[in-house]
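Both counts, for ligands and for their atoms, begin at 1 and track the order of listing.
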Amino acid sequence: MIYLDHAAATPVSERVFRAMKPYFTDEFFNPSAAYLPAKKIAHDYEAAKAEIAHGIGAKASDLVITAGATEANNLAFTCLDADKKEAARANNKTESSVLYLTTEHDSIRRVAELHGGEAIRVLPNGLIDLNDLKKKITDETELISIALVNNELGTIQPLAEVATIIREIKIDRMKRGVNRQLLLHSDASQALNLLDINVARLGVDLLTINAAKIYGPKGVGALYVSHDAKLKPLAVGGGQENGLRSGTENVPGVVGFAKAVAESKEHLNGNRKKYAKWRKLFLENLKDYELINKKHCLDNFIVLCFDGIDAERLVFLLEEKEVYVATGAACAASKGVRSHVLTAIGLADSQIAGSLRLTLGETNSEEQILATAKIINEVVQEERARVNG
Ligand code: PLP
């Protein structure tokens, strides 16, 4: 098989799997227990957390481990001051306290909508429209959420520029005596394996990371929380993770996450070069297509449009040849929903219907990339002949 959907899921790497294994069997103790073997597990857990935190330029105490990115994204939104919001509503102040990029993953869009969030536009190249952002920030704005890398296009957003704008607004608010938090959250689920992330350099207050996209286990993620952000737990219980995420710690998951972060860091530059080379090679060998994500994106994302062709049929025809690709985000695809991301960058319905997302990764080889171009050329040619009668 040729698997080209690494933005949807990555296999657990051999080294990650090996690191996790003892914690399922021999080292199974509850880290909160009082005896010595359990204390060793608690120590290993903290060391793994420190390694994950180190990977983004943070400390272990800045991280809340979650069961994946969806939970981390939802947790980030608990920074919103519900009491102030109620008071604002009572005073008929309807300005939104949340801004989010219109191309965000559903785990941001849905929670932002629950908070009456307002969407910030993107430009046709997928980058944030900074003028729209500036226009929409008001004295009511408390939280701005912008993914570092978009999961459908691979677009890398200029977060440091956004952070600068926010800093200027905070200074202005201070001068005018406006006492309201203004936090920047970023969902970096798709970014950690190919970008050198540092929370201070990015200027974020909250950052979501995800083990499942970097050859770590599924259902493990984390939220970086700066000192300025005050969160509330989504669920209460035993008080683990500083009371923000109760429940017995997922020790194997976190050990695996730490190993995956370390491996990503180790191979960052080499992998970026490799994917850039493969992307170029693939496009040189592909015929009659339109490239949607031309610039400002991670090199392992290739979004193509075959005008007049139904991409869902292409996915099916490619599957018959054991080539696995996507039409968009896996969760949207399973619901048969048209991509809100491709709509946001201004693609026509016919272009969206003909769009394929290929995401390269560690299961691939140069031979596979060449073989895929050849197979897609053949399948598209057959489809065009069928459609044109
Ligand atoms: N955010 C982004 C950008 C994603 O790509 C994904 C997964 O597809 C998620 C959040 C959700 O992650 P999880 O399924 O681990 O909760």
Gly221 touching ligand 1 at heavy-atom level, < 4.0 angstrom: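 In this structure, Gly221 fails to qualify as a contact of ligand 1 - no heavy atom is under 4.0 Å.
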If you apply the rule side chain to side chain donor-acceptor pair (under 3.5 Å), what do you find for Glu241 with Ser246, and how did you get there? CA-CA 7 Å; Glu241 303 294 312; Ser246 286; over 6 Å; no
Salt bridge check, Arg245 against Glu71: does any charged N sit closer than 4.0 Å to a carboxylate O?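 Looking at Glu71 and Arg245, the cut-off is met.
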If hydrogens are left out, which of Val220, Thr70, Asn151, Thr66 has an atom nearest to atom 16 (O) of ligand 1, that is, the closest non-hydrogen atom? Thr70
Of Asp187, Thr103, Asn210, the one whose closest heavy atom lies nearest atom 15 (O) of ligand 1 is Asn210
Min N/O separation Ala69 to ligand 1 under 3.5 Å: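 Such a contact does occur with ligand 1.
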Geometry only, no angles: is Lys213 polar-contacting ligand 1 at N/O separations under 3.5 Å? yes
Please report the C-alpha distance between Tyr289 and Ile376 in whole Å, then the side-chain angles of each, then the deciding distance to 0.1 Å, and finally whether the side-chain contact (heavy atoms from CB on, under 4.5 Å) criterion is met. CA-CA 10 Å; Tyr289 67 91; Ile376 293 182; over 6 Å; no
When rounded to the nearest 0.5 angstrom, what is the spacing between NZ in Lys294 and CG in Leu283?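 Answer rounded to 0.5 Å: 11.0 Å.
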About how many Å separate OG1 of Thr102 and CZ of Arg109, when rounded to the nearest 0.5 Å? 7.0 Å
Please lay out, stage by stage, how His105 and Ser189 fare under the test side chain to side chain donor-acceptor pair (under 3.5 Å). CA-CA 10 Å; His105 186 268; Ser189 290; over 6 Å; no
Can you find a pair of side-chain heavy atoms, one from Ile144 and one from Ile137, that are under 4.5 Å apart?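 Sidechains of Ile137 and Ile144: in contact.
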A student checking ligand 1 against Ser107 at a 4.0 Å heavy-atom cut-off should list atoms 10 (C)
Can you tell which part of [X] has a heavy atom less than 4.0 Å from ligand 1: side chain, backbone, both or neither?
X      : answer
Ser189 : side chain
Lys218 : neither
Gln190 : side chain

